[in-house]
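Scroll down for the structure; my scribbles are underneath it.
From a predicted model like this one, the values you see are computed outputs, not experimental measurements.
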Amino acid sequence: MRRTRILTAVLALAAGLLAGTPPALAADSSAKVSLAADTYTWKNARIDGGGFVPGIVFNRSEKNLAYARTDIGGAYRWQESSKTWTPLLDSVGWDDWGHTGVVSLASDSVDPNKVYAAVGTYTNSWDPKNGAVMRSSNRGASWQKTDLPFKLGGNMPGRGMGERLAVDPNKNSVLYLGAPSGKGLWRSTDSGVSWSQVANFPNVGNYQQDPSDTSGYASDNQGVVWVTFDESTGTSGNATRAIYVGVADLQNSVYRSTDAGATWTRLAGQPTGHLAHKGVLDAAGGSLYLSYSDKGGPYDGGKGQVWRYATATGTWTNISPVAEADTYYGFSGLTVDRQKPGTVMATAYSSWWPDTQIFRSTDSGATWTRAWDYTSYPNRANRYTMDVSSSPWLTWGANPSPPEQAPKLGWMTESLEIDPFDSNRMMYGTGATVYGTENLTNWDSGGQFTIKPMVQGLEETAVNDLASPPSGAPLLSALGDVGGFRHTDLAKVPSMMFTSPNFTTTTSLDFAETNANTVVRVGNLDSGPHIAFSTDNGANWFAGTDPSGVSGGGTVAAASDGGRFVWSPDGTGVQYTTGFGSSWSASSGIPAGAIVESDRADAKTFYGFKSGKFYVSTDGGATFTASAATGLPSGDSVRFKALPGGKGDVWLAGGATDGAYGLWHSTDGGASWTKLSNVDQADAIGFGKAATGASYQTLYTSAKIGGVRGIFRSTDKGATWTRINDDAHQWGWTGAAITGDPRVYGRVYVSTNGRGVIYGDTSGGGGTDPTDPTDPTDPTDPTPTGACAVTYKITNQWSGGFQADVQLSNTGSSAWTGWSLGWAFPNAQTISQTWNAESAQSGSTVTAKNVGWNANVAAGSSVSFGFTGSWSGTNGKPTAFKLGDRACTVA
């Protein structure tokens with residue numbers, strides 16, 4: 001991933017946290033808070049990948065159990081039956097958004113049900129919270145968390161080194177964690193519940209990518225970067241005696257303990273002048289392999305080496321595939337074949353041009369072969385073939401001249417793993433996907449092996465903007481690093497991202513409301529135009545011309561009829577044009593950097609916002625006038641949208657905790673505003689198809705309402721709200737963009753900062769939101785009456801554990817204002833954790849009750865909750881459920 005994606009959400013969030021504001025406008029005191037639950041199904045609009053995968057971890061004792069970590073998009077578990085990845089950290093909420101950055105993963109080889117994740121996105125001020133170690137006893141289906149007294153940096157420089165987190169393969173209650181920022185080495189002796197610093201570890205690291213960086217990003221000490229155990233020096237139940245630790249120090253990079261961590265010494269004779277990115281221990285061969293680079297990565301690195309250390313004799317051998325003088329890259333990705341001792345592979349992770357390189361040795365590094373070689377420059381011969389038909393956009397639509405090829409073998413290839421149970425399977429991460437092969441040993445026999453994306457289910461794009469036109473493709477997206485996509489089928493990977501031009505990051509897009517074939521997008525590009533237009537709904541594009549001074553995309557708005565555009569780019573002031581941007585004129589009356597949008601009914605009306613002021617143009621963007629309204633958020637963490645088809649009907653979301661923060665509505669083109677009293681905080685607003693019988697389009701917002709953070713829907717113009725996500729589906733920060741679908745009631749598209757585009761569909765049959773103002777937490781609420789139905793589904797099962805989802809439907813004629821569902825397990829199963837309900841268990845009998853926000857269930861609607869539990873022998877389903885005293889129908 002290029003660094004452009006780092007700040008996608010961070011700066012927007014930071015602006016929201018830091019901005020102040022004058023007193024808010026008078027609020028609508030008639031609005032009522034009435035939270036209810038709807039049952040939604042959540043999926044990704046498929047892109048497959050789109051981000052940097054710095055770590056892949058195979059369990060060493062159970063076949064087909066593997067995990068992947070991403071820099072900002074959470075962690076995933078491999079599902080062998082479907083060859084897909086399952087996301088594991090979607091439950092991370094808004095306040096803990098930084099915990100979607102995963103700096104390290106560890107899978108327990110003693111108890112494969114256990115997995116650990118060290119989480120935190122930035123070590124500087126961008127992430128306000130400290131890091132944490134999350135632990136799971138059910139392979140990531142649910143988690144417990146221990147907060148740390150320091151920050152972790154899943155998206156910091158050096159994030160491809162590692163793994164920093166490791167479980168003792170002989171005594172699995174012992175874990176080690178290497179910390180950044182001079183915090184040293186940490187240890188847990190109770191399976192990750194508590195942590196303490198290893199006080200006598202001698203080196204906290206000193207390497208900084210750029211000591212002069214005042215932001216604290218590139219100037220952070222990258223610290224202790226990996227931990228490796230020599231399992232041959234321990235026995236089951238006893239701590240492993242030999243432990244190797246890598247440190248970000250160009251002169252002192254490797255340390256060892258031979259007494260289970262009691263004392264530590266610098267390995268004598270080690271190479272200097274480089275950082276050890278990886279240290280992989282081959283106990284069967286008695287070797288510690290190390291990949292070195294002169295830089296911390298994942299972008300930089302100009303020189304590198306590979307070494308082998310004999311653990312018995314202390315002998316160091318330089319086994320570099322290429323003489324250091326001939327390298328222009330560092331080495332990082334490193335793996336050994338556990339089935340074939342002496343087989344080792346390494347990557348030239350920072351070889352950006354013409355391609356990355358992968359090296360392989362079958363004689364412990366004495367000799368090497370390459371994934372590709374030059375025949376006669378610039379022509380090359382590959383030992384592999386690439387099949388990207390499942391993710392065709394990986395070619396980037398490029399047709400490069402040799403020696404470059406499309407698709408590339410990769411870049412930022414810091415993770416590389418041979419399956420410990422299958423010599424033919426290898427996976428490696430790049431800046432955009434996970435590649436893999438299942439016939440790797442063809443390499444050794446002189447044949448070609450096939451590389452394909454092994455990334456389905458792993459969605460890692462950062463979303464800046466979303467649009468759902470009334471005709472044509474249902475979804476257009478503006479994304480970090482991969483530009484954006486036109487989805488004609490949400491369940492299929494688009495053939496290509498937006499091209500002609502191909503922005504590194506698309507910052508904003510819009511379509512003409514009454515002519516959805518006209519689309520405009522703006523974005524960032526190292527050299528070239530920053531604006532593009534389409535006349536066929538985003539299927540094909542052509543570049544516009546930049547006004548003088550443009551340095552970045554900013555925001556853009558299309559007139560409702562597509563006849564003109566207003567653009568607020570980075571680097572210069574707001575501009576307007578008629579036609580398709582062959583020439584631009586400066587807008588007057590509006591400050592540079594303003595957010596711009598169009599009225600969706602009047603083709604000559606455009607709007608802007610900057611630093612607490614709302615601006616209006618009625619002459620196609622030529623001149624703007626500041627509204628006299630006050631009390632809007634004073635900062636720039638604001639997003640606003642005009643209602644499709646409604647002249648002057650505008651909604652504005654945003655603000656900060658130390659000032660005005662919430663949701664505002666104007667029906668007179670921004671001349672006056674009403675603040676909704678029932679919305680605590682809001683960060684994005686969008687519109688979708690109206691509910692049956694409703695006269696106003698459905699509102700969707702990423703907000704805090706009734707004290708609860710979530711994704712909310714209103715079918716009555718904001719008078720009441722329904723939370724439509726749940727605690728298991730939060731996706732960290734979702735404040736960049738949200739939109740409903742104008743053609744499908746209940747469908748909503750949600751932006752994430754690293755989990756791609758999430759979309760949800762209601763399974764409630766299009767029922768209207770409840771309007772009962774009864775406080776759902778009131779203990780005097782009556783017991784539900786009327787008929788009910790229950791669907792009980794085991795969604796995941798493993799040795800000793802399982803996950804289940806329960807849907808409770810109100811099939812009667814009266815609304816519920818609280819519910820309590822009871823059942824008995826047939827096989828002595830035990831619940832361990834519940835979400836979206838409060839549960840209690842006595843023997844085999846379980847009672848699950850509503851939480852505050854999902855107490856109200858309208859007639860004809862449903863509520864869902866889930867749990868994880870343990871089982872042995874048989875995991876039968878309950879056959880009877882009761883809602884209070886009433887038996888429910890079991891589906």
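For Tyr607, the ring pair (Phe, Tyr, Trp, His ring centres under 6.0 Å) test picks out Phe614, with sequence neighbours left out. A search for side-chain hydrogen bond (donor to acceptor under 3.5 Å, both in side chains) contacts involving Asp489 returns nothing, not counting sequence neighbours. Scored by the side-chain hydrogen bond (donor to acceptor under 3.5 Å, both in side chains) test, Asn124 finds no partners at all (sequence neighbours excluded).
Taken to the nearest 0.5 Å, the OG1 atom of Thr433 stands 11.0 Å off from the CD atom of Gln456. We find the CH2-CD distance between Trp94 and Gln730 to be 11.5 Å, quoted to the nearest 0.5 Å. One finds the CG atom of Asp481 at 9.5 Å from the CD atom of Glu460 (value rounded to the nearest 0.5 Å). Taken from NZ in Lys704 to CG in Asp95, the straight-line distance is 7.0 Å, to the nearest 0.5 Å. Annotation: the span from Lys689 atom NZ to Gln697 atom CD amounts to 11.5 Å, rounded to 0.5 Å. Taking OG of Ser714 as the start and CD1 of Ile685 as the end, the distance is 8.5 Å to the nearest 0.5 Å.
Shown here for Asp127 and Trp97, the closest heavy-atom pair between the two residues is CA-CZ2, 4.0 Å. Summarising the geometry of Pro157 relative to Ala218, their closest heavy-atom pair is CG-CA, 4.2 Å, with the distance given to 0.1 Å. Closest approach of Phe687 to Ala642, counting heavy atoms only: CE1-O, 3.4 Å. Nearest heavy atoms, Trp352 versus Tyr299: NE1-O, 3.0 Å. Across all non-hydrogen atoms, the minimal contact from Asp48 to Gly457 is OD1-N, 4.3 Å. The two residues Gly670 and Ala629 have their closest heavy-atom pair at O-CB, 4.2 Å.
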Only pairs under 3.5 Å count here: list side-chain donor-acceptor contacts from residues 550-559, not counting sequence neighbours, and write none if there are none.
residue : atom : partner : partner atom : Å
Ser551  : OG   : Asp570  : O            : 3.4
Thr555  : OG1  : Val596  : N            : 3.2

For residues 579-586, dump all side-chain donor-acceptor pairs below 3.5 Å to protein atoms at least two apart in sequence or in another chain.
residue : atom : partner : partner atom : Å
Trp584  : NE1  : Thr545  : O            : 2.6
Trp584  : NE1  : Gly581  : O            : 3.3

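Using a distance-only test at 3.5 Å, with no hydrogens or angles considered, no donor-acceptor pair links the side chain of Thr722 to the main chain of Ile724. In this structure a side-chain-to-backbone donor-acceptor pair under 3.5 Å is present from Thr507 to Val522. When atom types are taken as modelled, the side chain of Arg486 and the backbone of Asn537 share a donor-acceptor pair closer than 3.5 angstrom. Without hydrogens or angle criteria, Ser568 side chain to Ile595 main chain gives no donor-acceptor distance under 3.5 Å.
Ring centroids of Phe533 and Phe565 are separated by less than 6.0 Å, placing the two rings close together.
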Worksheet item: Under the salt bridge (charged side-chain N to carboxylate O under 4.0 Å, His left out) criterion, do Lys641 and Asp510 qualify, and how do the steps go?
Response: CA-CA 11 Å; Lys641 294 287 184 182; Asp510 196 13; 5.8 Å; no
Item to complete: Any chance you could lay out the ring-ring contact (aromatic ring centres under 6.0 Å, His included) test for Trp42 and Tyr40, step after step, and finish with the verdict?
Response: CA-CA 6 Å; Trp42 298 99; Tyr40 259 66; 5.3 Å; yes
Worksheet entry | Stepwise ring-ring contact (aromatic ring centres under 6.0 Å, His included) check, Trp411 with Trp396 | CA-CA 14 Å; Trp411 60 94; Trp396 252 257; 5.6 Å; yes
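The ring-ring contact (aromatic ring centres under 6.0 Å, His included) pairs that include a residue from residues 484-510 are Trp393-Phe485, Phe498-Trp541, where partners are two or more places apart or lie in different chains.
No salt bridge links Asp619 with Lys604; every basic N to acidic carboxylate O contact stays at or beyond 4.0 Å. Salt bridge annotation for Asp680-Arg709: absent, with no cationic side-chain nitrogen under 4.0 angstrom from a carboxylate oxygen.
Looking at Asn155 and Tyr122, their side chains do bring a donor and an acceptor atom within 3.5 Å of each other. Inspection of the Asp683 and Tyr661 side chains reveals an N or O donor paired with an N or O acceptor under 3.5 Å.
Considering only heavy atoms from C-beta on, Trp721 stays 4.5 Å or farther from Arg723 through its side chain.
Partner of Lys647 under the salt bridge (Lys or Arg N to Asp or Glu O under 4.0 Å) criterion, chosen from Asp668, Asp599, Asp602: Asp602.
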